[in-house]
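Presented below is the structure to which this report refers.
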Amino acid sequence: MSTVTLTIDGREVTVPVGTLVIRAAEQLGIYIPRFCDHPLLEPAGACRQCIVDVEGQRKPLTSCTTVCTEGMVVKTQMTSDVAAEAQKSVLELLLINHPLDCPMCDKGGECPLQDQALEFGPGGSRFVDEKRRFTKPVAISPLVKLDRERCVLCARCTRFSQQIADDPFIELFERGALEQVAIYEDEPYQSEFSGNVVQICPVGALTSTEFRFQARPFDMTTTVSTCNRCASGCSTLVQERRGQIVRVLSGNDPTGQDEWICDKGRFGYLYAQVPERVTEPLVRKGDEFVAVSWAEAIASVAEAIRGARDERKRLAVLGGGLLTDEDAYGLSRFARVVLGTNDIDYRLSGTTTADDAALGQIAAGAPTAGFADIDTADTIVIVGVDLREVAPIVALRVRKRMFAGGVRVIEVGPRASRLVVSGAEWVPSKSGAEATSVDGITANGTTVVLAGDRLLGDGSFAHVWNLAVERGWSFGWVPRKANARGATVAGCLPGMLPGGRASDDAQSRAEIQRVWNAVPPTEVGRDGADILRHADELGVLMLVGSDPAADAPGALDAKAAIDAAEFVVAFDLFLTESTSRADVILPVAAIYERTGTLTSWEGRRSKVRAAVRATGPVQEDWSIFAQLAMELGHAGFPRDRAGLRAEMELLERATDERRVVETEPTDVTPTELVWCTYPSLIGEGAMMRGADALLETARSPMIEMHPDDAARAGVTDGTSIRVSSAHGKVQGIASISRRVAPGVVFAPAQHAALQGNVLAAASGVTTVRIEREDS
Amino acid sequence: MSATLQETKILTARWEMPGADRLEGYLASGGYEAFKAALAMAPDDIIETVKAANLRGRGGAGFPAGLKWSFIPKDRRPSYLVCNFDEGEPGTFKDRELVERDPHQLIEGMAIAAYAIGSHEMYIFCRGEFGYAARVLERAIGEAMERGILGKDIFGTGFDLDCILIRGAGAYICGEETALLEAIEGRRGQPRLRPPFPATHGLFNLPTVVNNVETFAYVPHIITKGADWFRSLGTEKAPGTKIFSVSGDVVRPGNYEVPFGTPARDLIEGFAGGMKDGKALKAFTPGGASSTPFFGPEELDVSMDWESVQAAGSLLGTGAIIVFNEDRCMVRAAHRFTAFYAHESCGKCTPCREGTYWLEQTLRRVEDGRAREEDLKTLLDVANSIPGRSFCALGDFSAAPVQSVAQRWQADFRKHIGSGGGCPIES
């Protein structure tokens with residue numbers, strides 16, 4: 001990389017060509033005051049605060065827009081009166097219309113305007129005339145409020161909206177002293193990233209409705225943790241005051257999230273502190289749940305397990321995809337050793353040997369793609385996943401490449417994501433034919449394929465995996481559940497023991513046995529769909545953070561399945577459609593009360609640290625597993641997190657090799673209309689409780705279809721329609737959209753008003769019929 | 001003053017000619033012959049001719065047009081030609097009349113320039129308030145299209161050229177060329193960061209030439225009569241004629257075309273008929289509101305060209321002479337101009353947005369007779385804190401009226417201290 005050498009305040013510094021003066025100064029530890037400058041946004045040169053004196057220039061220059069040149073001599077406010085005077089006067093100007101309401105402003109105490117006015121500004125103001133007045137605050141969205149009087153018009157928020165998120169969120173309106181941030185009148189407010197503008201606002205102009213007037217920055221304690229709302233693996237700063245979480249901020253990771261998190265990760269914390277949370281063990285007595293001691297709860301669950309095992313009934317586990325790595329490993333080991341079963345799946349759908357064989361290679365440590373591959377690829381292929389809805393921060397990283405240019409992004413699928421709106425190419429493909437649609441893509445240069453869970457269940461995942469291996473593409477798996485990858489490595493899958501070891505392979509079983517000092521069961525496990533299908537055979541069904549009644553495909557009739565199991569124990573925070581059918585509910589810790597690690601889509605492990613203590617006697621899952629194991633006489637089961645972690649690490653594997661897996665041809669292209677459904681990022685669910693403002697930002701669910709299909713069915717935009725499949729029916733309002741491929745009908749899953757998954761088959765393609773409500 | 005004062009009518013030659021605003025009239029007076037001649041020339045030769053003529057931009061900065069055209073990279077990227085017809089400088093009304101009375105002269109000049117830089121698409125950005133001028137232009141473009149003067153395969157030469165009229169939405173800032181380009185692209189009129197400059201990254205991020213109406217209007221004449229003829233007019237460094245817009249307290253306000261170097265006195269006392277009602281002259285702007293500082297009677301003999309006006313301490317700007325008589329309050333004038341800048345500041349940068357707001361607030365209070373002794377120093381401090389620190393030239397110029405008053409008409413200011421209700425000069 002070629003460099004230039006320049007002098008700032010008499011000190012030499014060598015920086016890469018293209019570096020801005022303000023960045024070069026930072027490398028020397030020289031801080032130049034700034035408001036509009038942000039290292040992740042394009043330079044604006046708007047606030048003029050960072051003015052410096054550059055030798056040979058007829059006027060002082062803004063260091064945030066000036067590129068370093070060889071031999072340049074820069075004098076900052078430290079050594080130049082011109083710069084210091086200019087900065088002082090800009091600060092005085094910035095403050096003439098500023099309300100100076102710091103004592104009641106949320107930003108007070110962490111405000112760049114406050115801090116820099118103190119350090120670089122004049123002591124007082126000479127402005128005696130009338131300040132500009134605005135109505136305040138105005139709601140920009142249910143989550144963000146705007147106080148225009150405090151705004152310094154740095155355009156960070158609008159640039160974020162344009163350059164990073166690429167959504168119609170906010171823009172600058174009007175001009176002169178009346179210039180202001182505002183929302184569009186004719187374009188719907190739509191942003192899953194709105195909280196970031198609050199975080200990067202250099203004054204108290206943008207505040208979040210959840211945090212307004214809640215706490216002073218200096219009254220909170222901050223814990224660096226990891227978000228578990230999706231598999232992106234974002235670092236978060238969880239801030240508590242008096243035992244309550246009051247704010248979650250984005251951490252900073254230049255190799256992944258940058259400084260961004262989505263609104264779900266930022267504002268979705270409230271579920272942990274709503275009153276309806278289950279904080280004591282509950283045991284069913286007749287038609288009611290009765291709070292009992294942990295000792296009693298453990299004893300009753302242990303008894304059920306012992307009874308089922310004595311009677312040689314099947315025992316099964318659903319869940320594990322949201323746990324920490326240690327808990328997931330503990331669950332996997334608990335299922336095999338204490339329950340004696342391979343019937344464990346964190347998914348609620350059917351699977352194929354081929355897909356699981358591909359997952360097994362990932363679990364065994366085969367190389368997979370990460371953010372770095374997105375950063376350097378010439379071509380990015382996205383298939384089987386709506387990246388914006390499933391892993392929004394991964395989507396932002398792709399969008400970052402698109403904004404910089406020099407990359408080809410191709411999305412394959414039944415419904416175009418917002419990345420397509422941002423300019424990605426789209427290969428429309430009916431559900432079931434997604435994987436084979438990738439065959440025809442000729443990708444140039446280094447290619448990464450990002451594959452999602454929509455491919456799992458009919459061999460499509462294996463198909464894309466094989467393509468990647470054969471064509472030398474790097475393969476990234478972007479799962480929907482936050483710790484699906486950790487749970488996969490831990491072996492929370494039917495055919496798979498920890499480290500991707502096949503449960504029917506003698507060598508693998510021997511390796512496991514050495515560590516566990518116990519024999520894993522030999523019987524072939526059932527997947528999520530089969531566990532639910534044959535729930536009547538179950539002596540014990542364990543639901544670990546799993547809500548099949550709400551989340552499972554309609555074909556599986558999960559409510560009846562839960563009812564059919566003899567004994568159901570749920571590890572959960574809430575009474576849900578599923579847990580309310582259980583015999584025992586064991587209250588577990590929320591992510592903010594836990595310690596451990598999460599494995600992101602990249603395979604990166606990040607630490608989760610407890611930021612608060614739960615209000616009741618809740619426990620982390622591993623602790624409950626250990627107590628049950630002890631109660632049932634399994635002395636060798638690790639008794640603490642460290643013990644589980646040590647075993648887990650012993651069983652981890654790594655390989656450079658990727659192998660083609662055996663797969664059946666999957667040419668499923670039905671001529672009928674096919675159903676496509678997946679949850680929106682901001683949708684309903686147990687972990688959205690309490691986050692009312694966040695839920696208000698959810699898009700109202702519609703049944704989307706292509707104009708051609710709509711015309712055939714006599715459906716127009718806004719028509720009330722019914723969609724039915726072999727498994728159920730839903731009704732809703734039709735939205736005619738070219739973002740849906742011809743032959744595809746889409747609705748979001750898991751939305752109370754429109755539960756798309758009700759129609760779905762256990763795996764593979766669901767064909768549907770549509771009819772007008774009035775027909 | 002001499003009774004033989006005569007305008008040098010080149011750009012304005014057709015103004016009195018009936019029907020010159022229609023294609024037939026324009027053709028009858030030799031119109032589009034220069035374009036035909038130009039199409040027979042090598043594009044680079046046209047640029048060389050314009051360079052040799054030293055045609056300097058009439059928009060205010062006086063940058064040589066030929067040189068600007070030669071900056072367009074000779075790669076195969078498409079390029080654009082843009083006419084800045086966002087004539088918004090206070091006191092300036094020459095481009096409007098040029099377009100309303102002789103629209104084809106502009107189109108011909110632009111067409112030649114477009115051919116010279118190899119552009120096939122040219123834009124005219126018309127100030128939003130100019131409804132009539134826009135209609136005249138629209139009709140003229142239509143006429144030219146219909147006659148094959150614009151469009152495909154012009155005059156059988158194989159050269160294609162489209163002309164698109166864009167109407168502004170009423171923002172002075174769009175006269176700043178990068179804000180103008182933003183506006184054409186459909187965004188807010190706010191200036192862009194430079195570099196990169198429009199010559200390489202202009203409209204739609206492609207190479208672009210932006211010139212003023214008066215500049216383009218001269219091109220056909222230079223092609224027809226040659227560089228030497230052009231250089232024989234005006235001064236050595238400022239060849240050619242210039243249309244000066246004279247307004248204010250004069251007998252005959254209007255546009256007058258004279259060679260560069262004509263003394264201001266000739267324009268004010270000669271062409272414009274002198275001061276109205278026999279009043280004495282107190283001040284005049286040599287180049288609209290954006291000229292620093294305003295002139296007084298002492299500068300009446302300054303030659304009106306870029307170099308002479310600058311040597312006298314001000315700027316020629318657009319050549320808009322606004323005349324104030326002895327009864328006028330310069331604080332009031334400064335307030336009016338400052339209110340204009342505060343209203344027109346795009347809001348992007350702090351010094352211009354907040355500085356003009358502050359100046360306007362203070363001047364309004366001073367003009368109301370509630371001035372304080374310290375206000376003068378504050379006004380001057382604030383005014384001095386804008387130029388050189390703002391994002392674009394709008395901020396640089398916005399301080400001019402206040403600086404003028406503070407430096408030269410302090411007496412007017414002092415009369416406002418403790419004067420009670422209202423302006424003590426113009427009651």
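Residue numbering restarts at 1 for every chain, and letters A, B, ... go by the order of the sequence lines.
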With only heavy atoms counted, which part of [X] is less than 4.5 Å from chain B, the side chain, the backbone, both or neither?
| X | result |
| --- | --- |
| Leu94(A) | both |
| Ala44(A) | backbone |
| Ile51(A) | side chain |
| Leu178(A) | neither |
| Val128(A) | side chain |

Using only distance (under 3.5 Å, no hydrogens or angles), which donor-acceptor pairs connect chain A and chain B?
from: Gly170(B); atom 1: O; to: Arg175(A); atom 2: NH1; distance (Å): 2.9
from: Arg188(B); atom 1: NE; to: Leu172(A); atom 2: O; distance (Å): 3.4
from: Arg188(B); atom 1: NH1; to: Leu172(A); atom 2: O; distance (Å): 2.9
from: Arg188(B); atom 1: NH1; to: Glu174(A); atom 2: O; distance (Å): 3.3
from: Arg188(B); atom 1: NH2; to: Glu174(A); atom 2: O; distance (Å): 2.8
from: Arg188(B); atom 1: NH2; to: Glu179(A); atom 2: OE2; distance (Å): 2.8
from: Gln190(B); atom 1: NE2; to: Glu179(A); atom 2: OE2; distance (Å): 2.7
from: His343(B); atom 1: O; to: Arg175(A); atom 2: NE; distance (Å): 2.9
from: His343(B); atom 1: NE2; to: Arg175(A); atom 2: NH2; distance (Å): 3.0
from: Glu344(B); atom 1: OE1; to: Arg175(A); atom 2: NH2; distance (Å): 3.1
from: Glu344(B); atom 1: OE2; to: Arg175(A); atom 2: NH2; distance (Å): 3.3
from: Ser345(B); atom 1: O; to: Gly176(A); atom 2: N; distance (Å): 2.6
from: Cys346(B); atom 1: O; to: Gly176(A); atom 2: N; distance (Å): 3.4
from: Thr350(B); atom 1: N; to: Ala46(A); atom 2: O; distance (Å): 3.2
from: Thr350(B); atom 1: OG1; to: Cys47(A); atom 2: O; distance (Å): 2.8
from: Arg353(B); atom 1: NH2; to: Val152(A); atom 2: O; distance (Å): 3.2
from: Glu354(B); atom 1: OE1; to: Asn97(A); atom 2: ND2; distance (Å): 2.7
from: Tyr357(B); atom 1: OH; to: Glu130(A); atom 2: O; distance (Å): 2.6
from: Tyr357(B); atom 1: OH; to: Arg132(A); atom 2: N; distance (Å): 3.0
from: Gln361(B); atom 1: OE1; to: Glu130(A); atom 2: N; distance (Å): 3.2
from: Thr362(B); atom 1: OG1; to: Asp129(A); atom 2: OD2; distance (Å): 3.2
from: Arg365(B); atom 1: NE; to: Asp129(A); atom 2: OD1; distance (Å): 2.5
from: Arg365(B); atom 1: NH2; to: Asp129(A); atom 2: OD2; distance (Å): 3.2
from: Asp381(B); atom 1: OD2; to: Arg126(A); atom 2: NH1; distance (Å): 2.7
from: Arg389(B); atom 1: O; to: Arg48(A); atom 2: NE; distance (Å): 2.8
from: Arg389(B); atom 1: NH1; to: Ser89(A); atom 2: OG; distance (Å): 2.8
from: Arg389(B); atom 1: NH2; to: Glu85(A); atom 2: OE1; distance (Å): 2.6
from: Ser390(B); atom 1: O; to: Arg48(A); atom 2: NH2; distance (Å): 3.0

Check the surroundings of atom CE in Met402(A): do more than 12 heavy atoms from other residues, nucleotides or ligands lie under 6.0 Å from it?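 For Met402(A), atom CE is crowded (more than 12 foreign heavy atoms under 6.0 Å).
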Nearest non-hydrogen partners of Val90(A) and Pro351(B), listed with the distance: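 It is CG2-CG, 4.5 Å.
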